[in-house]
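Worksheet: the structure to be examined is printed underneath.
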2 protein chains.
Amino acid sequence: MKPEASPYRSSCPLSKALDLVGDKWSLVIVRDMCLGKKRYGDFQSSPEGIPTNILANRLRQLEENGIIKKQAYQDKPVRHEYLLTAKGADLLPILQQLVLWTQKYDADCWTPPAGFLTAKPEDLLVD
Amino acid sequence: MKPEASPYRSSCPLSKALDLVGDKWSLVIVRDMCLGKKRYGDFQSSPEGIPTNILANRLRQLEENGIIKKQAYQDKPVRHEYLLTAKGADLLPILQQLVLWTQKYDADCWTPPAGFLTAKPEDLLVD
DNA sequence: CAATGTCGCTTGCTTATTGCAAGTGACACC
DNA sequence: GGTGTCACTTGCAATAAGCAAGCGACATTG
């Protein structure tokens, strides 16, 4: 058998991270989840206006990569909510650094909700 | 006159950061520059194997966004090297967090060069 | 109880971006 | 003059993004 081709460009920890969340939408979804959003419609209504097919695709990928988990919150019809795993919650420091960076170099941006910059990953877990 | 359409999806500091560096290659180039690489060929020879047209494109974008600057290091023929600006150097904490995140959840990745995780943005500036 | 509405997607199609390979211009070297 | 290097550019096929419309499972309304 031939060895399965790695989906990663290299084993550099930076490039591996970017292979998982290095696109324009994944971290926007994670941001929303850090802010307490859970449902498909919540993510759709964010100001960036993510296209619905891309949202569905990213939720699938994030779940495959262990960053979020999907669980039913009702039957009939079955509906799901999306929650951060520990791995997903640990993306928070990255989001915080990205926010700090933009704030330093671009005055024309919103101030994040109170507590966002001081929150810790464990605060995001429901347990 | 109609107001110029913003290139940003929103004024959220996170999404604005991703509008600039939210792709699979930009931060790989910044990583290389943090490691002392300066020239076109240096970036091409990184293990991820960036396609040459994308490299040229990203260097142009990074320069337009004030993250790197291009300066000649010789005439005849004119050749340039690429250096981080203060804004680019300040991406270092983001890279470090991305590295820490991968290291925490993926044992199968390289260890960054000594000092990478403890470096500070100001260490990267030549002046 | 048919009609309308909501939620969470999927499908089809167009456009934009990526990736690969080959080519080019300005030189240096032999 | 021929070959090589460096830093790109160009052409083209493959992949991904973005837009609009559709759809299935119900709840609600008249």
Side-chain angles (χ1 to χ4, degrees), chain A residues 5-10 12 15-16 18-30 32-33 36-65 68-83, chain B residues 5-10 12 15-16 18-30 32-33 36-65 68-83:
Chain A
S6 169
Y8 299 107
R9 291 170 295 173
S10 82
C12 164
S15 83
K16 281 192 135 183
L18 295 174
D19 286 334
L20 297 189
V21 297
D23 69 275
K24 295 221 182 301
W25 290 112
S26 295
L27 291 184
V28 168
I29 296 169
V30 173
D32 283 352
M33 297 181 72
K37 296 187 179 183
K38 293 181 177 62
R39 290 156 56 161
Y40 197 89
D42 293 338
F43 306 128
Q44 273 193 103
S45 62
S46 282
E48 290 80 15
I50 185 168
T52 181
N53 55 339
I54 294 183
L55 175 56
N57 174 272
R58 287 304 185 282
L59 288 170
R60 208 175 303 128
Q61 288 179 201
L62 289 169
E63 196 188 0
E64 282 169 11
N65 291 325
I68 66 177
K69 56 178 179 276
K70 184 180 184 176
Q71 63 175 39
Y73 66 88
Q74 69 168 38
D75 298 339
K76 306 196 350 181
V78 197
R79 297 216 184 286
H80 300 91
E81 60 187 7
Y82 298 92
L83 300 172
Chain B
S6 169
Y8 298 107
R9 292 170 294 173
S10 80
C12 165
S15 83
K16 281 191 136 184
L18 295 174
D19 286 334
L20 297 189
V21 297
D23 70 277
K24 296 223 182 301
W25 291 112
S26 295
L27 292 183
V28 167
I29 296 169
V30 173
D32 283 351
M33 296 182 74
K37 297 188 178 182
K38 292 181 176 60
R39 288 156 58 160
Y40 197 89
D42 294 336
F43 306 127
Q44 273 192 101
S45 63
S46 283
E48 290 81 13
I50 185 169
T52 181
N53 55 340
I54 294 183
L55 175 56
N57 174 272
R58 289 302 187 281
L59 288 170
R60 209 174 302 127
Q61 288 179 198
L62 289 169
E63 196 189 359
E64 283 169 8
N65 292 324
I68 66 176
K69 57 177 178 275
K70 186 180 184 176
Q71 63 174 40
Y73 66 88
Q74 69 168 37
D75 299 339
K76 305 198 347 181
V78 197
R79 296 216 185 286
H80 300 90
E81 61 187 7
Y82 298 92
L83 300 173

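Any value given below was found using the heavy atoms of this structure, including those in side chains, with hydrogens, waters and symmetry copies removed. Proteins get letters first, then strands, A, B, ... in listed order; numbering begins at 1 in each. Only a predicted model underlies this, so the values are computations on that prediction, with no experimental measurement involved.
When DNA chain D is scanned 5' to 3' for any atom under 4.0 Å from a heavy atom of chain B, the first and last hits are D:dC6 to D:dG11.
A sub-4.0 Å separation between OP1 or OP2 of C:dG8 and a side-chain N or O of A:Tyr82 is absent. For C:dG8, the OP1/OP2 oxygens have a side-chain nitrogen or oxygen of A:Tyr73 closer than 4.0 Å.
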>> Within the 4.0 Å limit for protein heavy atoms, which parts of nucleotides 25-30 of chain C are touched? Write it as a string from 5' to 3', B for base, S for sugar-phosphate only, - for none.
In response: --SS--

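Within the nucleic acid shown, A:Arg9 has no heavy atom closer than 4.0 Å to any nucleic acid atom.
In terms of the side chain to side chain donor-acceptor pair (under 3.5 Å) criterion, A:Ser45 has no residue partners (sequence neighbours excluded). Looking at residues two or more places apart in sequence or on another chain, you find no side chain to side chain donor-acceptor pair (under 3.5 Å) involving B:Tyr82. Legend: residues meeting side chain to side chain donor-acceptor pair (under 3.5 Å) with A:Lys37, ordered by chain and number and at least two apart, are A:Ser46. Legend: residues meeting side chain to side chain donor-acceptor pair (under 3.5 Å) with A:Arg39, ordered by chain and number and at least two apart, are A:Tyr73. Applying the salt bridge (charged side-chain N to carboxylate O under 4.0 Å, His left out) criterion to A:Asp19, with sequence neighbours excluded, gives A:Arg9.
Residue pairs meeting the side-chain hydrogen bond (donor to acceptor under 3.5 Å, both in side chains) criterion with at least one member in residues 53-63 of chain A, sequence neighbours excluded: A:Asp23-A:Arg58.
Residues A:Leu18 and B:Val28 are in side-chain contact: their nearest non-hydrogen atoms beyond the backbone lie under 4.5 Å apart.
For the segment residues 22-30 of chain A, the set of residues with a heavy atom within less than 4.0 Å of an atom of DNA chain D comprises A:Trp25, in numerical order. Annotation: proximity of residues 43-54 of chain A to DNA chain D (heavy atom, distance under 4.0 Å) is found for A:Pro51, A:Thr52, A:Asn53, A:Ile54, numbered in ascending order.
Taking the nucleotide of DNA chain D with the nearest heavy atom to each of B:Asp42 and A:Arg58, the more 5' of the two is matched to B:Asp42.
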